[in-house]
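Numbered from 1 within each chain, the chains take letters A, B, ... in sequence-line order. Predicted model, so just to flag it, every value in this text is computed and none were measured.
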There are 2 protein chains.
Amino acid sequence: MNCAECPVRDAAECHALHQQDPEAFAVLARARVTAPAASLILRAGESASRVFTLYEGWAFRFTLMSDGRRQILGFLLPGDMISLRGLFRRMTFSVQALSDVRLCAFDAEDFREAIKSSPLRERLVQRLILDAAAADAQVAVLGRRTALQRIVHLILDLDGRLKNRGLAGGDDDDMELPLRQNHIGDALGLSRVHVSRTLAVLRDRGAIALGRSGIVLNDRATLRGLAGEVF
Amino acid sequence: MNCAECPVRDAAECHALHQQDPEAFAVLARARVTAPAASLILRAGESASRVFTLYEGWAFRFTLMSDGRRQILGFLLPGDMISLRGLFRRMTFSVQALSDVRLCAFDAEDFREAIKSSPLRERLVQRLILDAAAADAQVAVLGRRTALQRIVHLILDLDGRLKNRGLAGGDDDDMELPLRQNHIGDALGLSRVHVSRTLAVLRDRGAIALGRSGIVLNDRATLRGLAGEVF
DNA sequence: CGGTCGATTGATGGTGCTCAACTCGTGTGG
DNA sequence: CCACACGAGTTGAGCACCATCAATCGACCG
């Protein structure tokens, strides 16, 4: 069982780790785990005993507010590491499967040992920095963007990440994102009703289509024009 | 010149690094630098040639949006590291002095060398994780909180951080935060006008006073009641 | 066939933005 | 010393954006 089996390309963490230090990576004990859609993969407050990379399917990180509302902190795509921070500290967020998922699971103790003297460690520091930068960017989006811009930004961001992994086609290909409007609202600080209305605007302008199981991108140029940012 | 001179107590990064590995830390070349209020300390896009810890005064991290608006990502207090991420990647944000500041400056190359085989490195990884978690928390605040709650949260957060460093007194002591309403708005995604109105509400309820040079906390119990979170 | 989940649409109202005028304190140059 | 500009804050009026509540609808499923 080898991570090279993952249908995930260059930019994905799982693959990148393997490239970085094939020997150290190869020696790690790992298991393949599956989890059904909507199941909890990790709970806030735990110190993770296993580290996961997402092999197939989508998931999301979230916290629950004291009033019971949910804030989604980010979406996890095939190739992403799920619980890197859990190696060093208790988790501050929970992770839930969005679709049925398959995971590579590494024993946390093994993993910590493996990175003590390995370029893997450098790679993981880079990943922590990228995570922090992504969270900063999300702060800017929530602080300064309208509902329309937030949604367009999210769609293009996900599309771009998928494209980096070879999981989405070129500019002319349609791409379906398996998100419920519920999730979009919880990620962007919007009500479900307003997400519905805003998506309707995008559909009426021809930028997207609303399929049975998610949003279909079919005019990225229009979306980029609406984003108000460089994409 | 030694970081132990800093008027900063246990929880501050500068001091904690020193405790973690006094020898490695003591050998680092360092210089004391001053910068006037409003001066730029670091620019987004640079790869930092020096690492700073904030010795005295306040600063903030920010990015500029394409429309020219500013999003403040966080405030930096005495004892905070300023450019840790700049050791490994180009900066994704700029840093500006809020007041006159004094900095400890370390050469980045020296610093990278020093942490290669030192418990300092472990400490810095912890710091990166805490930074990422703080950014996640800010996403939740901006996504789910009203203007009043955001402002109360910011005030209590800053007060708590200062208290951890011995830079603020107990619950009965007044504490003045040297923030312009401008900064509060840019940090919390609110207009300056609305910040003014919201602070007026807090003042009328007796939770704060508005001094000439900042906000004065004088009733933390009332503030905690308004925060809608555990503090 | 009833039940549930996700999405849509309408009506209504509140939170917070924008524009504008004004105050107050401070610094600056004639 | 005064006039003036300037930055920061305050206050009012009007409105845009988005939340909330409620009703409905289609798809899917046991």
Side-chain angles (χ1 to χ4, degrees), chain A residues 36-38 58 60 65 67-72 96 98-100 141-154 176-204 208-216 226 228, chain B residues 36-39 60 65 67-72 96-99 141-154 176-204 208-216 226 228:
Chain A
W58 288 39
F60 60 89
M65 318 290 294
D67 59 7
R69 290 183 302 175
R70 178 177 69 175
Q71 176 66 45
I72 291 181
Q96 187 173 354
L98 192 55
S99 61
D100 292 344
V141 168
L142 295 187
R144 293 297 183 198
R145 297 293 178 190
T146 65
L148 187 72
Q149 291 171 324
R150 293 182 205 188
I151 289 177
V152 170
H153 186 101
L154 175 63
E176 180 151 350
L177 308 176
L179 297 174
R180 307 293 91 202
Q181 296 184 2
N182 211 341
H183 299 123
I184 298 177
D186 283 351
L188 301 180
L190 302 168
S191 70
R192 278 170 295 160
V193 174
H194 198 63
V195 170
S196 174
R197 285 187 225 275
T198 306
L199 287 175
V201 170
L202 289 175
R203 181 191 50 202
D204 294 347
I208 61 172
L210 299 177
R212 272 278 107 232
S213 52
I215 298 167
V216 181
L226 292 169
Chain B
S39 62
F60 60 88
M65 319 289 294
D67 59 6
R69 289 184 303 175
R70 179 177 67 177
Q71 176 66 44
I72 291 181
Q96 185 172 354
L98 191 55
S99 61
V141 168
L142 295 187
R144 294 297 182 198
R145 297 295 179 189
T146 66
L148 188 72
Q149 291 170 325
R150 292 182 205 189
I151 289 177
V152 170
H153 185 101
L154 174 62
E176 179 152 351
L177 309 176
L179 297 174
R180 306 293 90 201
Q181 296 184 1
N182 212 340
H183 299 123
I184 298 176
D186 283 351
L188 301 180
L190 302 169
S191 70
R192 277 169 295 161
V193 173
H194 198 62
V195 170
S196 174
R197 285 189 226 274
T198 307
L199 287 175
V201 170
L202 289 175
R203 182 191 50 202
D204 294 348
I208 62 171
L210 300 177
R212 275 265 107 240
S213 52
I215 297 168
V216 181
L226 293 170

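- B/Ala97 and B/Phe60 make their closest contact through O-CE2, 4.5 Å (heavy atoms, listed as atom of the first residue, atom of the second, distance).
- Remark: side-chain polar atoms of B/Gln96 are paired, donor with acceptor, to backbone N or O of B/Ala38 under 3.5 angstrom.
- In this structure, A/Ile151 places its CD1 atom 13 Å from C1' of D/dC17, rounding to the nearest Å.
- Note: B/Leu154 CG to B/Ile215 CD1 = 7.5 Å, rounded to the nearest 0.5 Å.
- We find the CG-CD1 distance between B/Leu98 and B/Ile72 to be 7.5 Å, quoted to the nearest 0.5 Å.
- As judged by a 4.0 angstrom heavy-atom cut-off over every strand, A/Thr198 is placed among residues making no nucleic acid contact.
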(request) Report, as a single string ordered 5' to 3', how protein heavy atoms within less than 4.0 Å touch nucleotides 6-12 of chain D: B base, S sugar-phosphate only, - not at all. (result) --SSSBB
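- Nucleotides of DNA chain C lying under 4.0 Å from heavy atoms of chain B occupy a range whose first and last members, 5' to 3', are C/dG16 to C/dG25.
- Annotation: side-chain hydrogen bond (donor to acceptor under 3.5 Å, both in side chains) contacts of A/Arg180 (sequence neighbours excluded): none.
- A/His194 places its NE2 atom 10 Å from the C1' atom of D/dA16, with the value rounded to the nearest Å.
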(request) If a protein heavy atom is under 4.0 Å from the base, mark B; if only from the sugar-phosphate, S; if neither, -; do that for nucleotides 25-30 of chain D going 5' to 3'. (result) --S---
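- Listed by chain and number, the residues in a side-chain hydrogen bond (donor to acceptor under 3.5 Å, both in side chains) with A/Thr146 are A/Gln149 (sequence neighbours excluded).
- In this structure a side-chain-to-backbone donor-acceptor pair under 3.5 Å is present from A/Asp100 to A/Ala37.
- Of the possible polar contacts, one joining the B/Arg150 side chain to the B/Arg145 backbone as a donor-acceptor pair under 3.5 Å is found.
- Heavy atoms of A/Gly189 sit under 4.0 angstrom from primed sugar atoms or phosphate atoms, though from no base atom.
- Remark: the backbone N or O of A/Arg70 is paired with a side-chain donor or acceptor of B/Arg144 at under 3.5 angstrom.
- In terms of the side-chain hydrogen bond (donor to acceptor under 3.5 Å, both in side chains) criterion, residue partners of A/Ser213 (sequence neighbours excluded) are, by chain and number, A/Glu176.
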